[in-house]
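Residues take their numbers from the sequence shown, with the count starting at 1.
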Amino acid sequence: MLITVTKSVDEGFSSLQAALDSIPLEYKEAVTIRIKPGIYEEKITVKQGTPPVLLLGEDTNSTIITWSDNAHTLGPDGEPLGTFKSGTLNVFAKHFTAENLTIRNTSGPGTGQAVAAFVDAGHAVFRRVRLLGDQDTLYTGQGKQYYNECYIEGDVDYIFGAATALFERCRLHNKRSRGYITAASTPEGASFGYVFLDCEITSSEGVSEVYLGRPWRPYAHVAFIRTVMDSSIIGEGWHNWGQPDREETSRYEEYGSSGPGANPEARAAWSRQLTPQEAAQYRVLSVLDGWHPEGY
């Protein structure tokens, strides 16, 4: 099934949510929703039970989904939405793919938690997607997730959650000094949390003392493999969130970091530099437990 969303009159759907809602409940085959260039000011939900869906944009500069809720925004019941309902894009389907588009939350800096994408899927793939926001830009809820050639920006905990997520050749952009890139809540016993392969970390002018991560939950796991890091990364690299006991249970790892922010000698003593043999285990099939996103 192919559905078109466009700003043109009398051609397809003008609303992405309306296009998603048009998929019959009994339909089980893959659906492609082609999103033509435009700025779509919508809060989007891909519901549970939706068949495998691909949101296919034209490119990241011309195809933009945007909204501005934050944790303090009042919902229909008059109560604050909270972090988990602040997302611009909210994915609850078992299989989901997005390509060639931008998803942003324009709530702005200092307004609190404001999610651009809340991904709570079974298997999710993002290729050439920009995720724009400030605090809590990307919430990886559960499942296996793959991000390829994506751009993700923010200031505090801007990649956070419990999912196993692999980021390959992505760019992470720090917007504020003394921020944190990741806040993983990896479940106890999970082999992998966040794995960054061949990525790049950049920052806005004057940004400094940014941490690679802090443990939202005790068993946080984050590994940076062959990542180019700019000077915004603080030497210590990792923060214990003021809870020293999490130094015993968190797994924070690096291998082959380069650039001004790569400083293995200065890293927190409770983090690890992987051996070449250990780093070799960090492959797509291994991290994603036998699932390969090719074809999704």
Side-chain angles (χ1 to χ4, degrees), residues 125-133 137-138 140 144-161 163-184 186 190-205 207-216 220-240 250-288 293:
V125 176
F126 288 74
R127 294 189 181 93
R128 299 172 300 278
V129 172
R130 288 195 306 166
L131 297 167
L132 309 184
T137 304
L138 171 60
T140 65
K144 302 290 190 293
Q145 303 179 15
Y146 176 74
Y147 299 80
N148 178 250
E149 297 182 354
C150 293
Y151 171 92
I152 308 168
E153 68 172 26
D155 55 21
V156 176
D157 304 335
Y158 64 89
I159 302 174
F160 73 110
T164 293
L166 189 147
F167 301 81
E168 189 167 28
R169 295 188 298 277
C170 293
R171 179 182 168 196
L172 316 177
H173 187 75
N174 301 316
K175 297 176 68 176
R176 197 192 83 178
S177 294
R178 293 173 292 282
Y180 306 85
I181 296 175
T182 67
T186 315
S191 298
F192 301 98
Y194 294 154
V195 176
F196 297 87
L197 295 180
D198 302 299
C199 292
E200 178 186 11
I201 297 173
T202 61
S203 60
S204 300
E205 185 176 355
V207 170
S208 63
E209 298 183 337
V210 175
Y211 288 88
L212 296 171
R214 58 179 179 172
W216 183 20
H221 173 244
V222 181
F224 284 91
I225 311 294
R226 298 180 302 273
T227 298
V228 181
M229 304 181 179
D230 77 355
S231 60
S232 67
I233 301 302
I234 195 169
E236 183 181 353
W238 308 96
H239 192 282
N240 66 14
S250 298
R251 293 176 292 145
Y252 284 149
E253 303 164 337
E254 282 180 81
Y255 176 78
S257 298
S258 62
N263 196 346
E265 295 81 10
R267 289 294 189 253
W270 46 282
S271 66
R272 293 186 61 233
Q273 297 292 316
L274 299 175
T275 67
Q277 293 77 18
E278 290 171 328
Q281 302 305 310
Y282 285 73
R283 304 185 305 271
V284 173
L285 281 175
S286 301
V287 173
L288 300 179

Worksheet item: Side chains of I233 and N263: does their closest heavy-atom pair fall under 4.5 Å?
Response: no
Practice prompt. For R226, check salt bridge (charged side-chain N to carboxylate O under 4.0 Å, His left out) against everything at least two apart and list the hits.
Written response: D198
Fill in: Under the salt bridge (charged side-chain N to carboxylate O under 4.0 Å, His left out) test, residues paired with R130 that sit two or more places apart
none
Item to complete: Assign the ring pair Y252 / W270 to parallel, tilted or perpendicular, where the plane angle (0 to 90°) is split at 30° and 60°.
Response: tilted
Practice prompt. With rounding to the nearest 0.5 Å, note down the distance linking CZ in F192 to CD in Q281.
Written response: 7.5 Å
Worksheet, complete the sentence: For E278 and T275 the tightest heavy-atom approach is OE1-N, 2.9 Å
Item to complete: Nearest 0.5 Å please: distance from the CZ atom of R283 over to the CD atom of E168.
Response: 12.5 Å
Fill in: Side-chain donor/acceptor of S204 to backbone N/O of V207, under 3.5 Å
no
Discussion item. Tell me the closest heavy-atom pair linking T137 and L131, and the distance in Å.
Written reply: CG2-O, 3.6 Å
Worksheet entry | Residue pair T202 / E200: nearest heavy atoms and the distance that separates them | CG2-OE2, 3.5 Å
Item to complete: Answer yes or no: is there a side-chain heavy-atom contact under 4.5 Å between P293 and V284?
Response: yes
Discussion item. I want to check something: taking the side chain as every heavy atom from C-beta on, are I159 and L172 in contact at a cut-off of under 4.5 Å?
Written reply: yes
Worksheet item: About how many Å separate OH of Y180 and CG of D155, when rounded to the nearest 0.5 Å?
Response: 11.5 Å
Worksheet item: Parallel, tilted or perpendicular: which describes the rings of F167 and Y147, with under 30° parallel and over 60° perpendicular?
Response: parallel
Discussion item. For E209, is there an ion pair with R178 - N to carboxylate O distance below 4.0 angstrom?
Written reply: yes
Practice prompt. Report yes or no: does D230 contribute a side-chain atom to a donor-acceptor pair with the main-chain N or O of S203 at less than 3.5 Å?
Written response: yes
Worksheet item: Is any side-chain heavy atom of Y282 closer than 4.5 Å to a side-chain heavy atom of L166?
Response: no
Fill in: Donor-acceptor contact below 3.5 Å, side chain R251 vs main chain R272
no
Fill in: salt bridge (Lys or Arg N to Asp or Glu O under 4.0 Å) pairs, two or more places apart, involving residues 258-269
E254-R267
Practice prompt. Return the set of residues passing salt bridge (charged side-chain N to carboxylate O under 4.0 Å, His left out) with D157 (not counting sequence neighbours), or none when no residue passes.
Written response: R214
Practice prompt. Please identify each residue that fulfils side chain to side chain contact (heavy atoms under 4.5 Å, CB included) with A280, with sequence neighbours left out.
Written response: none
Worksheet item: Side-chain contact, heavy-atom cut-off 4.5 Å: I181 with I152?
Response: no
Practice prompt. List for me each residue that meets salt bridge (charged side-chain N to carboxylate O under 4.0 Å, His left out) alongside K175, sequence neighbours excluded, and say none if there are none.
Written response: D134, E153
Practice prompt. Specify the closest pair of heavy atoms between L288 and Q145, including all atoms of both residues, with the distance to one decimal.
Written response: CD2-O, 3.8 Å
Worksheet item: Which pair of heavy atoms, one from A262 and one from P264, lies closest together, and at what distance?
Response: C-CD, 3.7 Å
Discussion item. If we ignore hydrogens and angles and just use 3.5 Å, is the side chain of Y194 paired with the main-chain N or O of F160 as donor and acceptor?
Written reply: yes
Discussion item. Would you compute the distance between atom NE2 of H173 and atom OG of S232 and round it to the nearest 0.5 angstrom?
Written reply: 9.0 Å
Fill in: Interatomic spacing from OG in S257 to CD in Q273 - rounded to 0.5 Å
6.5 Å
Discussion item. Give me the atom names and distance for the closest heavy-atom approach of A183 to W216.
Written reply: O-CB, 3.7 Å
Worksheet item: At what distance, to the nearest 0.5 angstrom, does CZ of R169 lie from SG of C199?
Response: 9.0 Å
Worksheet item: Would a distance-only check, ignoring hydrogens and angles, find a side-chain to backbone donor-acceptor pair under 3.5 Å from T182 to L212?
Response: yes
